[in-house]
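First the structure, in the form of structure tokens, and then the observations on it.
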Amino acid sequence: MKQWRIGRGSKQVMSFSAIGVMNALVDIGALNLLMLLFPTDDRIQLIFYNTIAYTLAITNSYFWNAKLTFPSKAIHDRKQVLLFLAQAVIALGISNLVFYGALLIFEWITFPRYIERNISKGLAMLISSASSFFMMKHLVFPRTKKNQNSN
């Protein structure tokens with residue numbers, strides 16, 4: 001019985017990770033497209049670009065995680081959607097803080113700006129994605145009493 005739970009959790013992590021790769025492509029692709037189309041050195045503008053890119057990725061995340069990672073727990077009611085939005089806003093805050101912080105750190109280290117911004121974005125995606133997984137697993141798509149009894 002214990003192995004079944006571990007396997008199920010591993011499947012969730014693998015599914016979430018695969019969707020995370022897809023989200024990363026959306027996220028970093030959108031950020032780089034915005035930086036290419038509208039070049040800037042203004043950190044506030046870069047945070048705005050990060051917010052747009054993150055919003056596209058999180059919308060993609062909700063659709064695929066509800067469909068594949070947590071399908072039995074995705075009921076799409078008002079409460080669940082609001083909880084998802086709350087966790088998305090928290091994860092966006094984490095993403096923007098890490099992105100901005102990394103940009104500040106890179107003021108002390110000299111790399112091409114394109115590399116600095118993409119490393120900063122990668123760190124922001126990694127940390128916000130980890131926080132998002134735990135919030136979705138325990139807050140947005142928690143176990144129901146029925147599911148807890150069958151585990």
Side-chain angles (χ1 to χ4, degrees), residues 4-40 42-106 113-148 150-151:
W4 183 77
R5 275 195 238 167
I6 292 170
R8 185 171 168 209
S10 296
K11 183 180 173 190
Q12 278 184 335
V13 170
M14 287 174 43
S15 174
F16 188 83
S17 297
I19 292 165
V21 169
M22 183 178 19
N23 294 335
L25 293 173
V26 168
D27 200 352
I28 205 155
L31 176 68
N32 280 286
L33 182 62
L34 289 166
M35 289 188 307
L36 179 68
L37 294 175
F38 309 104
T40 186
D42 180 40
R43 281 191 227 107
I44 300 302
Q45 188 70 28
L46 291 169
I47 293 297
F48 180 67
Y49 293 172
N50 185 58
T51 300
I52 292 169
Y54 182 87
T55 300
L56 292 171
I58 202 71
T59 302
N60 187 61
S61 174
Y62 180 77
F63 176 78
W64 289 109
N65 278 303
K67 190 170 188 71
L68 299 176
T69 308
F70 307 107
S72 64
K73 299 169 188 161
I75 53 178
H76 308 290
D77 66 354
R78 176 179 282 175
K79 178 182 176 186
Q80 194 171 69
V81 170
L82 289 175
L83 287 170
F84 179 83
L85 290 173
Q87 77 77 32
V89 168
I90 293 167
L92 172 61
I94 292 167
S95 175
N96 280 336
L97 284 171
V98 172
F99 184 67
Y100 187 81
L103 290 174
L104 290 176
I105 290 169
F106 278 117
R113 286 190 176 127
Y114 177 79
I115 301 293
E116 292 174 359
R117 292 170 184 174
N118 280 283
I119 291 172
S120 298
K121 182 62 175 172
L123 291 170
M125 289 182 340
L126 179 68
I127 294 170
S128 68
S129 180
S131 67
S132 184
F133 174 77
F134 289 105
M135 286 186 284
M136 280 201 273
K137 181 170 178 66
H138 300 291
L139 181 67
V140 180
F141 303 112
R143 287 186 181 176
T144 62
K145 295 211 183 279
K146 181 179 174 185
N147 286 343
Q148 286 175 341
S150 65
N151 288 338

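Nothing fancy with the numbering, it's 1 onward along the sequence.
In this structure, M125 and A24 approach most closely via the heavy-atom pair CE-CB, 3.7 Å. Nearest heavy-atom pair across S95 and A124 is O-CB, 3.3 Å. Contact detail for S128 and S131: the closest heavy-atom pair is O-OG, 2.8 Å. For K121 against F99, the heavy-atom pair with the smallest separation is N-CD1, 3.6 Å.
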Using the rule given for side chain to side chain contact (heavy atoms under 4.5 Å, CB included), can you reason through V21 versus S17, listing the C-alpha separation, both sets of side-chain angles and the distance that settles it, and then say yes or no?
CA-CA 6 Å; V21 169; S17 297; 5.8 Å; no

M22 and L25: side chain to side chain contact (heavy atoms under 4.5 Å, CB included), yes or no, with the steps?
CA-CA 5 Å; M22 183 178 19; L25 293 173; 5.6 Å; no

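Taking CG of N23 as the reference point, atom CZ of F63 lies at 12.0 Å (rounded to 0.5 Å). The distance from the CD1 atom of I52 to the CD1 atom of I47 is 12.0 Å, given to the nearest 0.5 Å. Taking CD1 of I90 as the reference point, atom OG of S132 lies at 10.0 Å (rounded to 0.5 Å). A distance of 12.5 Å separates OG in S61 from CG in L56, rounded to the nearest 0.5 Å. Note that the CD1 atom of I58 and the CD atom of Q87 stand 5.0 Å from one another [nearest 0.5 Å]. Between the OH atom in Y54 and the OG atom in S129 there is a gap of 8.0 Å [rounded to 0.5 Å].
With hydrogens and angles ignored, the 3.5 Å screen pairs a side-chain donor or acceptor of S120 with a backbone N or O of E116. Remark: the backbone N or O of L46 is not paired with any side-chain donor or acceptor of N50 at under 3.5 angstrom. No donor-acceptor pair closer than 3.5 Å links the side chain of Y49 to the backbone N or O of T40.
Looking only at side-chain heavy atoms (C-beta outward), L92 and N96 come within less than 4.5 Å of each other.
Taking a 6.0 Å sphere around CZ of F106, one finds it holds more than 12 heavy atoms contributed by other residues, nucleotides or ligands.
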